[in-house]
Peer 1: 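Please find one structure pasted underneath; my questions will follow.
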Amino acid sequence: MKFIDIAEIYVKAGDGGAGHVSFRREKYVPKGGPDGGDGGKGGNVIIQANKDMNTLLDYKFKQKFLAQDGEKGGRVKRSGKDGKHIKIKVPVGTMIFDAQTDELITDLIIDKQKVVIAKGGKGGMGNMNFATPTNRSPRYAQPGIPGPELFLRLELKLLADVGIIGFPNVGKSTLISVISAAKPKIADYPFTTLVPNLGVVKIDEFQSYSVADVPGLIQGASEGKGLGIQFLRHIERTKILLFVLDATSEDIKKDYKILSKELEKFNPEMLYKKRMICLSKCDTLDQETVQALTKLKLDPKAGKPLIISSVTNLNINELKFKLWDLLLEFKQDEENSLS
Ligand SMILES: Nc1nc2c(ncn2[C@@H]2O[C@H](COP(=O)(O)OP(=O)(O)OP(=O)(O)O)[C@@H](O)[C@H]2O)c(=O)[nH]1
Ligand SMILES: [Mg+2]
């Protein structure tokens, strides 16, 4: 399935129905009073998060959403029917922007969370409401209020706990495939991963966390090089960053610096996220080199880099639990900051 994470749509709430102008007609009553009914309300446009959706693909094909207009009022004080609401379903994690002002309207982060994005127009009052002692036969009624229209930009940002960051071909997808049940495409060339993969890592029967593997980053990604930038915004929301560096690279320190810099350029807040570093493909190195790598100092904030191999499972369990510990720390920090 194609992964679409941005879509633009047009929505319009229903117009209110017009109020009616009419007069009572009864036998033997020459001049009946006004009896024009009120118009109905226009339908609302509602957007709701749905956990069973994971892409905005539907909105590549259908982009116009109109709620029903309210009916006009009728004779004999009959009110017009209200227009039907229209509901637009989006994946959990969808942010809704006003496409014209770029203002964030709302962020749907929980399943079934919904928002009335455009409220239907009010119906007009019929002439039955306007009779006064001085004007017993008002010949006017209110028009309905038009329903507002909006151009919206929907942006899906995955809500994973851990985001995997790394250059292309370093083994990110292979790693997610060994720590979770995700089955991403793996191949020995850069840019194998074209859309993000989500995996769930089980800690025990009841506890788990989610991990997102996104396409590899390259130098200049924050300015749009490669595929990375398109997906960096998914990483923006993760709680923990897991850097995967290729242990066979000529200059691991430089690799880490480049990645760090790209993240910082994209969004300086990324610097404050908890991070962990692992060195992949260590099964391909001799003991001595691996030994030397354990002493590598990259970033005091990230702790000691973990030597791993997704092929031999070296330290894969340690990695799972270390990430879990970091998530618990994150939770604790969050609770502390709230109390
Ligand atoms: N020997 C060895 N090879 C690995 C290991 N992890 C990944 N590989 C190989 O490295 C290559 C790239 O792996 P991927 O998992 O596709 O790498 P990626 O980082 O997801 O790559 P992109 O999606 O292109 O960014 C594949 O040929 C893998 O089989 C490992 O721990 N040891
Ligand atoms: Mg990949």
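Predicted, not measured: the structure shown is a model, and the values here were computed from it. Every number for a ligand or one of its atoms is a count from 1 in the order of the listing.
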Peer 1: Ignoring angles and geometry beyond distance, decide whether Asp213 reaches within less than 3.5 Å of ligand 1 through its nitrogen or oxygen atoms.
Peer 2: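 No, there is no polar N/O contact under 3.5 Å.
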
Peer 1: With no hydrogens and no angle check, do the side chains of Gln48 and Lys89 hold a donor and an acceptor under 3.5 Å apart?
Peer 2: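 On atom types as modelled, these side chains do not qualify, holding no pair under 3.5 Å.
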
Peer 1: Can you tell me how the ring of Phe130 sits relative to the ring of Tyr140, calling it parallel under 30°, perpendicular over 60° and tilted otherwise?
Peer 2: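 Answer is tilted, since the angle falls between 30° and 60°.
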
Peer 1: Quick check on the Mg ion (ligand 2): does Thr174 put an N/O/S atom closer than 2.8 Å to it?
Peer 2: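 Given the 2.8 Å cut-off, Thr174 does not count as a ligand of the Mg ion (ligand 2).
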
Peer 1: Please lay out, stage by stage, how Glu264 and Lys261 fare under the test salt bridge (Lys or Arg N to Asp or Glu O under 4.0 Å).
Peer 2: CA-CA 5 Å; Glu264 185 189 347; Lys261 201 80 210 151; 3.4 Å; yes

Peer 1: Counting only nitrogen or oxygen atoms and a 3.5 angstrom limit, does Val170 reach ligand 1?
Peer 2: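 Yes, there is a polar N/O contact under 3.5 Å.
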
Peer 1: Say you draw a straight line from CG of Leu323 to CZ of Phe321; how long is it, rounded to the nearest 0.5 Å?
Peer 2: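 With rounding to 0.5 Å, CG (Leu323) is 11.0 Å from CZ (Phe321).
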
Peer 1: Under 6.0 Å from the NZ atom of Lys122, do we count more than 12 heavy atoms belonging to anything else shown?
Peer 2: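 No, because the 6.0 Å sphere around NZ of Lys122 holds 12 heavy atoms or fewer from other groups.
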
Peer 1: Residue-level breakdown please: for Pro190 versus ligand 1, do any non-hydrogen atoms fall below 4.0 Å on the side chain, on the backbone, on both, or on neither?
Peer 2: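 Answer for Pro190: backbone.
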
Peer 1: Both conditions, 6.0 Å and 45 degrees, for the charged tip of Lys62 above the ring of Tyr59: are they met here?
Peer 2: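 No cation-pi geometry.
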
Peer 1: If you apply the rule salt bridge (Lys or Arg N to Asp or Glu O under 4.0 Å), what do you find for Asp5 with Lys157, and how did you get there?
Peer 2: CA-CA 7 Å; Asp5 59 359; Lys157 297 197 186 192; over 6 Å; no

Peer 1: Among Leu314, Leu285, Ile186, which one has a heavy atom closest to atom 28 (C) of ligand 1?
Peer 2: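 Nearest option to atom 28 (C) of ligand 1, by heavy atoms: Ile186.
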
Peer 1: Indicate the ring-plane relationship of Tyr10 and Phe151, choosing parallel, tilted or perpendicular according to the 30° and 60° boundaries.
Peer 2: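 Tilted: the ring planes of Tyr10 and Phe151 meet at 30° to 60°.
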
Peer 1: For ligand 1, which atoms, with element, lie under 4.0 Å from some heavy atom of Gly216?
Peer 2: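 Those of ligand 1 that fall under 4.0 Å from Gly216 are 25 (O).
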
Peer 1: Can you confirm, on distance only, whether ligand 1 has an N/O atom lying under 3.5 Å from any N/O atom belonging to Thr284?
Peer 2: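 It does not: no N or O of Thr284 is found under 3.5 Å from an N or O of ligand 1.
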
Peer 1: Provide the number and element of each atom of ligand 1 under 4.0 Å from a heavy atom of Tyr189.
Peer 2: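 Counting atoms of ligand 1 from 1, those under 4.0 Å from Tyr189 are 24 (O).
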
Peer 1: Look only at interatomic distance and state if Gly171 has a nitrogen or oxygen under 3.5 Å from any nitrogen or oxygen of ligand 1.
Peer 2: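 Yes: some nitrogen or oxygen of Gly171 is under 3.5 Å from one in ligand 1.
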
Peer 1: Under the side-chain contact (heavy atoms from CB on, under 4.5 Å) test against Leu279, which residue among Ile252, Val290, Leu285 passes?
Peer 2: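 Of Ile252, Val290, Leu285, side-chain contact (heavy atoms from CB on, under 4.5 Å) with Leu279 is met by Ile252 alone.
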
Peer 1: Evaluating non-hydrogen atoms only, which member of Asn169, Thr174, Leu279 is closest to atom 15 (O) of ligand 1?
Peer 2: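 Of the listed residues, Thr174 has the closest heavy atom.
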
Peer 1: Please list, in number order, the atoms of ligand 1 under 4.0 Å from a heavy atom of Asp283.
Peer 2: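 Numbered from 1, ligand 1 contributes 1 (N), 2 (C), 30 (C), 31 (O), 32 (N).
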
Peer 1: Given that the side chain starts at C-beta and the backbone is N, CA, C, O, which of these parts of Ala187 lies under 4.0 Å from ligand 1, counting heavy atoms, or is it both or neither?
Peer 2: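 The answer is the backbone of Ala187.
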
Peer 1: Please state which part of Val244 comes within less than 4.0 Å of ligand 1, counting heavy atoms only: side chain, backbone, both or neither.
Peer 2: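 For Val244, there is no contact with ligand 1 at all, from either part.
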
Peer 1: At what distance is the nearest protein heavy atom to atom 23 (O) of ligand 1, and which residue and atom is it?
Peer 2: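 Checking every protein heavy atom, the shortest distance to atom 23 (O) of ligand 1 gives Thr193 OG1, 2.7 Å.
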
Peer 1: Which ligand 1 atoms, with their elements, are less than 4.0 angstrom from a heavy-atom of Ser309?
Peer 2: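 Listed by number with element: 31 (O).
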
Peer 1: If only side-chain N and O atoms count, and only distance matters, is there a donor-acceptor pair under 3.5 Å linking Asp286 with Thr289?
Peer 2: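 Their side chains do contain a donor-acceptor pair, which is all the 3.5 Å distance test asks for.
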
